[in-house]
Each structure stands twice: as structure tokens, then as C-alpha cells.
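A short write-up of the structure that comes next.
To find a chain, count down the sequence lines: A is the first, B the second, and so on, and within it residues start at 1.
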There are 2 protein chains.
Amino acid sequence: MFSTGHHRILSAITRLGPKSRTDLARLLGLSKGSISIFVRDLLEQGILKEQELIFSQGRPSVTLGLRSDAASFIGISLHTDPATIVLTDPHGEVLARRQIPRETDPERCFSLLAKAVQKVRRHAEPNIGLTTGIGVAQPGFVSRDRRICLASAALGWRNVDVAGELSELTGLPVFVENDTNALILGEQLFGASGECPNFSLVFVGDGIGSTHIIDSRLYRGHHGGAGELAHSPVAFDLQNALPCRCGNRGCLETLASLQSIKGAARSAGLPSEIPELIGLANTGDPDALRILHRAGSALGFGLAQLVQILDPSQVVVLMDAALKDSVFSNVLRQEMEAHVLKRPGTQSTLILRSASNDSFALGAASIAAQHFLFGIDWI
Amino acid sequence: MFSTGHHRILSAITRLGPKSRTDLARLLGLSKGSISIFVRDLLEQGILKEQELIFSQGRPSVTLGLRSDAASFIGISLHTDPATIVLTDPHGEVLARRQIPRETDPERCFSLLAKAVQKVRRHAEPNIGLTTGIGVAQPGFVSRDRRICLASAALGWRNVDVAGELSELTGLPVFVENDTNALILGEQLFGASGECPNFSLVFVGDGIGSTHIIDSRLYRGHHGGAGELAHSPVAFDLQNALPCRCGNRGCLETLASLQSIKGAARSAGLPSEIPELIGLANTGDPDALRILHRAGSALGFGLAQLVQILDPSQVVVLMDAALKDSVFSNVLRQEMEAHVLKRPGTQSTLILRSASNDSFALGAASIAAQHFLFGIDWI
DNA sequence: CAGACTTATTTCAGTGGGTAAAATTACGTT
DNA sequence: AACGTAATTTTACCCACTGAAATAAGTCTG
């Protein structure tokens, strides 16, 4: 239907914002003639719209933007227990959302999800674009073709044909992706990092997840294990190195994940819920401060490793809102800066952001959006 | 002259070894018809040759291989003081070599290099391929177009137009690259890692250099600073963290570089030359053992970080031959394995290799070779 | 050993994704 | 109204590549 030319145009406009035909020709290295034809197709299909006239000398250029009703996308997050289902437009605006219990039995899970998808679609305004696909974000490993869940400890799944089953029930194409990968793809498509060809994202939750966009593409690692920053070693002296559930010692996860923070709080006789712990720290409680300090500096240390090895243009750290506004953040930033090579003007920037409820589901939806907008081989 | 089709064929054959036309069609996703035409051109130009008949059922397939006399390439290493100049064939065989003092004054340096290049070319057998280009491997930062040395502390150069000057003097196209980058490109083209789309290389010398091939392409980092593994932090507890020349504390380089090993040996009143130190360690000297052990485990620790963050298919560590056959290697491997997530069958493999005198020059030559074989946009 | 079969390679007439340049459009300015 | 400028469209053409048919060069089989 659409050729790479069409998809490249959509890619540029989604990432860089509205552009004129002449801009696109320059940007993509195509002739104005080709752009003209591609754009006509996209206008006819109701995917682009002529948006704004820019006056200077000569004929005004007309910027082309994505139509909000070009299409719509379903995103499903299985990251935490209430599973989240969202319906978004091509700009990442949430048109409808829903939460349902996350079943671990595949059959029942998919059946509930399919029903929720129907409800979400019916619940949305009538004048939205045709829904073109479903993205699923789930913890664990996923096959390279984005169809099969190879293994997920959290869900207890092995070799579950998620795409096949869910596609059968809903009649829509389904794309499955690891949850943190989905997050960074969402950041790339819907977020502020669209122009960056090289950046990394780290998610701090019960565990720690990381992923990288390299050369504008998701980098999975050779065995699909890139982004195991959680198990990057931070404690060199084995006396202090805590044992990790992975069997090794000194992993970042043993110091900086929410689980480990809660564990440390419990051992110190403090409340193990994060908001309470941060409240205590704010009152100056030395134990609470010590725990948060240690966690923050461990993460900063791990991020410094990442920056030294990959030199991304930016690192986005996504975390609980409470955590983001606590000592944790400050220490994290300080410690990272203390361990990163100083080269003025060419440093990687650190962006701290609080995760929303829909972050993962939005990321999932962005994968379906990518497939619609950019075509199949942009994986 | 040659289209991407030709270059893709050469790329496949260089990396994967001789292949039949049908293999190439399948491998590159082109029709047999196109391959036929491209191959005819390459045979006519004397770049490929029909090599071997493979008999099975049906018409035997004929494998196509690179002709050794298709072309020849100059590689210049400015990595250490005697600069090395080699002339190689397309397989990375050294046809002639020469060493000259490494001048730091650009004018004089280039003039000497140009003369050495002429001598090397004259010195080689007469029946070799036309020399098509010069690669230069040098410490420091290089512009993205591979022409200018932006900054090199070791040479004291800033914004030196290496390609321009050397090209003027020799009449050959010149490609400049950071030394460690040249190393990994040589490994990719001439070495055993050609098939790997994702691998990393770490060089242990006076400093520590690292680079990554991601998706078959050299990854430089967003500011050209990927591969600063040397300044990745390994010492978490600041009491033990040594100050690094970069201004931070606890960098890998403060523990595992040859400089730091020699420094530690000197402080302990031991001989500061590596072979002697290793000799001592072999006799069981506790101080020598301690120093080598600490260096090895620091590097293993850093490599574990790299593996966790990037998940390469393999990590090649290039070092002094003596070092490679010492405790250092064993400890390095152990420490890395102790800190890498265990996932059977999908681990990154560690390859230890001793650096030869020509390693950097060969890497440099491989860049000229890449340009000839793969065309300009493969950077 | 002839003919059947199999597989590799070449030939050849399209096709689709582009390009380059001329023509057209739509503004401002004089 | 005429002119200058820059954006866009039209038009004629190019070329890399495809798919199918033809050809080549072997093995296998009765």
C-alpha cells in the first residue's frame, strides 16, 4: 500500500513536528517531485493534513501535520497487576482507558483483555480514526518477531503465543514487546526525545529496567539482554556486596530498586512504603536518609557506567513521583556527575521524570502506531 | 562506478567468506538476475574471481572470492612512538611494512609519512593490486567525516587536517580514525568477528580503550565519546577510589591500565616493567600477585558492566602478550563471569587476544579497504 | 548410455521508485 | 499591472531490480 517513501515522511513529521514539502525534500534527501506525490497520497488517505501557511518571500510554504483521526491504537500494559488498556490517537493522546485485573492464566487473560479492548473502543468518541493495531507491553523476553512471549517470570509464561491468541480474539494485528522497551519506544514516538537518535531510558520500579535507542532504532542486544543494567555490578568490595536474586553479588538492583529500598527500610525497622520513608527522610531521620542516599548513589553510579560506555545524548530516568522529588534524585544526579568524564558541551544530559499510570500502556500503543506510521521494517 | 548492489556483495563475501551467486541472492534479498549482473561487473573489474565448484545435485554452484590483487591499502598507526606503516591486500595480509619515528610536528610528521608510504609501495611485490587509499589510526578525537583530527592529547594536535595534508602529499584518499575504532574495524573486516553484528573490543595499553560494533556499524556515541570504558567507575567506596587524571575518582583506568599497574609496582618497590612484574608473580611474589589480581579483577568488573549494558555477542580484549598469559587474564575472566547475569546459551563470550605490533596499522588499512569494498556510506 | 531430474546461472522484458527540469501557483513588492 | 521569489506540480525519463523463461551443467535411474 504505502512505500518506504510514505513511511519516511510520516516518520519525519511525527518526530520533528509539522514540516513543509520542501523541508521534507531536504530532510529526507528526496526530490521535491517525489515528496509531492507521496504527500498527495497521504492527504488523500486522510493521514496528513495541510496545517498552516508560513509566509516569507515567494509562495508561502504549507506545513503538513498528522491528522488526529488518521488512526487510533490500542496499548495494553501487563507490567503491574491491574492491567491497563488505553486507546490513543497518533499524537499519543489518550482517547479512552480502562483497568482490569491481570490474570496469569493465558486463556483467561486474553479473553478478559479482548473484552476490555472492545469496551474501550466502544467507549471512545465516534469521530476517531480506525483502530489499526494493538501493542502489548509485558515483563520478560519476547521473540524477535514480536509475537511470542518466550519467558516471563512475573507472569509465569513460557512460549505463549500472545499475538496469535489476542489477534484471533480481536481481529487486530498485535505486537508484543518487553515492557521497558515499550517505554522507550513510547518516549521516542510520543515523548520529547523524538529527535534524539541515541538515548537511553532507565525505569526504577520494583526492579530496574533499561533500554537504548541507538541510531534511532531499538537496540535489544545480541541475545536480547541489553538493558540488564539492573544486574550491572556496582559494589566492588565483596564484603559489602549484597546477594542478588540472580545469584551474583553487588548488582545495582540490590541497592537501588524499590524492592531493595523497602527491604532495607524493613531491616532498619522503618515503614517500608516509599512515601512514608521519604516523609521520614524529610524530617531528617538518619536511617531513612542513609537508605535513600545509598540507593540514589548506587543508581548514579550505574548511570555513569552507562554514560561512559554508550555516550547517549540523554538518559531519561523514569520513577515514582515521590521518589523523583526526594533526596534520591539529588544524590543520583550528584553521584552520576561525579563519575562521568567531564567534556564541556558534549555531556550526556540526565532527565528525571515521574512515571504515570499509563506510561507502559502508552508505550505499547506507540508500537502499534509505529507499525502503522513507519511500516514493518522499522523494528 | 559501483552501486550499492556491488558493495553489498563485496561486504557479504568479505565478512562471510566465498559464496555462490545463489547464496548471495538469498543472503542479500536480491533476485538472482541482479546478482548475476553485479557479479559480472566485479569479475570484469578483477575484484572477484570464480573460486571453487561445489557439487551436489543439479548444476554445481561456483563460489566467488575476493582476488588478492583486487586492490591494496595503506595503514598508518600513530598509536605509539615508532609509527607503523603497512601495505595490505584485501584479505588483510601484510605485503610490506615499515616503522618511522613519530614526529609530533604535523608538517614534518606528514612529510615523513608520505615518504614512508612511497617506500612501502615501491618495496612491495610488483603484482599487487592498485593502492586505493590510506587509513590513519591515531589517538584522540576525529571529525565525523574522517578528515580532521579534532584533538589528540598524545600528539598535541588540535584541528589538524590530516586527510587534507596527507592526501595532498600522496595523491591518495585518506581516512582518519581514532585508534581503538580502527582496531575494531580491522577486527571486523580482517579478523574473526566479521559475522558478528554486535560485538565490543577493549584494548589494554597505557590507557584503556573500548569500542562497539552495533548492527554491523561502528558506534561512536552521540558526542563521539562511546568507548570511554577507561573512565567507567569501578570503585564505589570513595576511600579506596584512586584519583584519575580525568579529575574523577575510581575510574577503571586507575586500576587496570598498564600505566596504573606500573605505578602500583613502583610504589610497592617492585620492577615497573610488565614482563618482570609477571615473572615475579609467577614466582609467587605476593605484592606482584596482588597488583595483577587487583588490575584483572577491576577490568573484569568493567567488562561485566559492558556486557550487562550492551549484551554484545562477544567481547574481544586485546592486550600485551605477556599480560595475556598471566594471572591477570584468569582473574579478569573469573571476575567478569562472577558479575554477569547467567543465562545459559545466551551469554556473551570473552575472547582474550594478544596485540601484535601491526594491530593498529592493520586496523587503519581496513578502513581504506572498507571504503574501496563497501563504498562511502558504510561509515 | 540416454533421458529424466535437479539446481545454478543468464537473459530479457517489465515495473516502480525515484530524479531533473520546466511549468504552474501564490504570494509579496514596486 | 508587472515583476521577483519561492513552493509546488507536472512531465519525461532513468535505472536498479524483479520475475519468468531459457539455458547450462551437473547427478540419478532404468
* Asked: Of A:Phe38 and B:Arg59, whose closest DNA chain C nucleotide lies nearer the 5' terminus?
  -> B:Arg59

* Asked: In terms of the nearest nucleotide of DNA chain C, which residue is placed more toward the 5' end: A:Lys32 or B:Lys32?
  -> B:Lys32

With heavy atoms under 4.0 Å as the rule, sort [X] into base, sugar-phosphate or nothing.
X       : value
B:Leu30 : sugar-phosphate
A:Ser61 : sugar-phosphate
B:Ser56 : sugar-phosphate
B:Ser34 : base
A:Val39 : nothing

Gap between atoms [atom1] and [atom2], on [X] and [N] respectively (whole Å):
X       : N      : atom1 : atom2 : result
A:Gln57 : D:dA7  : CD    : C1'   : 13 Å
B:Phe55 : D:dC28 : CZ    : C1'   : 16 Å
A:Glu50 : D:dA7  : CD    : P     : 15 Å
B:Ile35 : D:dG19 : CD1   : C1'   : 15 Å
A:Glu52 : D:dA7  : CD    : P     : 15 Å
B:Ile54 : D:dT27 : CD1   : P     : 14 Å
A:Ile37 : D:dT8  : CD1   : P     : 15 Å

* Asked: Do A:His371 and A:Phe175 have ring centroids that are under 6.0 Å from one another?
  -> yes

* **A:Glu168, CD: over 12 other non-hydrogen atoms inside 6.0 angstrom** => no

* Opening and closing nucleotides of DNA chain C in contact with chain A, under 4.0 Å to non-hydrogen atoms -> C:dG17 to C:dC27

* At what distance, to the nearest 0.5 angstrom, does CG of B:Leu48 lie from CD1 of B:Ile9? -> 7.5 Å

Would you call [X] and [Y] a salt bridge, using N to O less than 4.0 angstrom?
X        : Y        : result
B:Glu195 : B:Arg15  : no
A:Arg217 : A:Asp215 : no
A:Glu165 : A:Arg147 : no

* To do: With side-chain contact (heavy atoms from CB on, under 4.5 Å) as the test, would you mind laying out the steps for A:Leu10 and A:Phe2 before giving the verdict?
  => CA-CA 11 Å; A:Leu10 291 175; A:Phe2 286 135; 5.7 Å; no

* If you find the nucleotide of DNA chain D closest to B:Gly29 and the one closest to A:Pro60, which residue's nucleotide is nearer the 5' end? -> A:Pro60

* Asked: Hey, does the side chain of A:Arg21 come within less than 4.0 Å of D:dA7's phosphate (OP1/OP2), counting only N and O?
  -> no

* Using a cut-off of less than 4.0 Å, is there contact between a side-chain N or O of A:Arg40 and OP1 or OP2 of D:dT10? -> yes

